[in-house]
Structures are given as C-alpha cells and as structure tokens.
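Worksheet: one structure, shown below.
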Amino acid sequence: MPHLYIITPMPDPLAAARTFMDALEARDAERAASVCAEDVQIELPGGDRELQGKDGARQLVRMAPAFVRRIREHETEGTTVVLRGLTRAPGQFANYSTWTFETEDGLIKHVKFAWRHAN
C-alpha cells in the first residue's frame with residue numbers, strides 16, 4: 001500500500017515581519033494587524049510605553065511619522081526575525097534601525113525597535 005504524505009508549509013516568520021514593515025511604510029494599519037497575534041505586544045523605543053493587541057498594531061501604524069524605512073539586512077533564528085536598516089526623514093536626519101519580531105505559528109507576538117544616529 002502506498003504511503004500518503006501531506007505536506008503543510010511551515011509558517012514563515014520573515015514573511016510576517018516583511019509584511020508588517022511594508023504595511024508600516026504604506027500606512028496600512030489593517031495589513032499590519034493581519035500578521036499580528038491577538039495579544040501582540042509592541043515595545044516603543046525607550047521602553048516607557050507598550051502597545052497591546054491588534055489595535056496596538058493599528059495605532060503604531062497610524063501614529064508613525066512618514067519616514068522612509070529601508071531594510072538592508074535580516075537575520076532569522078527559529079521564530080525570531082531581526083531586520084536592520086535605515087530610517088530617515090529626507091533632508092533632516094537618518095537613523096540606523098533595528099526591528100525584532102518574535103513570532104508564533106506565523107503571527108507576530110512581540111515587536112521591539114530601536115534607533116541610533118547615522119549622521
């Protein structure tokens with residue numbers, strides 16, 4: 001009797017992180033929330049404040065300044081993705097940025113990001 005194998009794709013943490021960043025750049029709050037878990041936690045720089053849940057993801061997109069964000073490298077270890085790149089306000093400043101996404105079952109559970117001056 002032949003064996004029947006069912007292959008299901010593994011969730012892709014990098015795809016979730018890239019979708020989130022693309023949505024942030026496009027200011028598409030619903031798309032950003034679509035790749036987040038219901039109980040996602042988003043740490044804002046400085047650690048003073050945290051946004052919670054899909055509504056927190058939407059809030060982040062809505063309150064984010066219209067910066068140009070360019071990811072230049074990524075690193076994936078298990079279900080954690082680190083994206084590094086440049087965030088800038090053209091003609092004003094540029095910062096190196098690091099975004100860390102922790103995922104579970106293909107959805108983002110935790111986000112934190114930090115900047116350091118590039119110029």
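Below, all heavy atoms of this structure are taken into account, side chains as well, without hydrogens, waters or symmetry copies.
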>> Test of understanding: with salt bridge (charged side-chain N to carboxylate O under 4.0 Å, His left out), list the residues that count as partners of D28, not counting sequence neighbours.
In response: none
> When rounded to the nearest 0.5 angstrom, what distance separates NE2 in H110 from OG1 in T100?
Replying inline: 9.0 Å
>> Using 0.5 Å steps for rounding, measure from the CG atom of L60 to the CD atom of E43.
In response: 12.5 Å
>> Going by side-chain hydrogen bond (donor to acceptor under 3.5 Å, both in side chains), name the residues that satisfy it together with Q59, two or more places apart in sequence or in a different chain.
In response: none
>> Determine whether a donor-acceptor pair (N or O, by modelled atom type, separation under 3.5 Å) exists between the side chain of T79 and the backbone of E102.
In response: no
> What are the two closest heavy atoms between C36 and K54, and how far apart are they?
Replying inline: O-NZ, 2.9 Å
> What's the shortest heavy-atom distance between A57 and I42, and which atoms?
Replying inline: CA-CD1, 3.5 Å
>> On a heavy-atom basis, which atom in P13 and which in G78 lie closest, and how many Å separate them?
In response: CG-O, 3.7 Å
> Nearest heavy-atom pair of V61 and A32: which atoms, and what distance?
Replying inline: CG2-CB, 3.6 Å
> With distance as the sole test, does R27 use its side chain to make a donor-acceptor pair with the main-chain N or O of A64 at under 3.5 Å?
Replying inline: yes
>> Using the side-chain hydrogen bond (donor to acceptor under 3.5 Å, both in side chains) criterion, which residues pair with Q52? Sequence neighbours excluded.
In response: E50
> Shortest non-hydrogen contact from V81 to T76?
Replying inline: CG2-OG1, 3.9 Å
Sequence neighbours excluded and cut-off under 3.5 Å, please list the side-chain donor-acceptor pairs for residues 14-24, or say none.
residue	atom	partner	partner atom	Å
R18	NH2	H74	ND1	3.2
T19	OG1	A15	O	2.8

> Quick one: side-chain contact (heavy atoms from CB on, under 4.5 Å) partners of R72, sequence neighbours excluded?
Replying inline: L86
> Mind checking what makes side-chain contact (heavy atoms from CB on, under 4.5 Å) contact with D55, not counting sequence neighbours?
Replying inline: R58
>> If the condition is salt bridge (charged side-chain N to carboxylate O under 4.0 Å, His left out), which residues does K109 pass it with, not counting sequence neighbours?
In response: D39
>> Just to verify, what does T87 make a side-chain contact (heavy atoms from CB on, under 4.5 Å) with, not counting sequence neighbours?
In response: F67, R69, S97, W115
>> Taking salt bridge (charged side-chain N to carboxylate O under 4.0 Å, His left out) as the definition, give me every residue that meets it alongside R84, ordered by chain and number, with sequence neighbours left out.
In response: E73, E75
> So do L44 and F113 actually touch side chain to side chain, heavy atoms under 4.5 Å?
Replying inline: yes
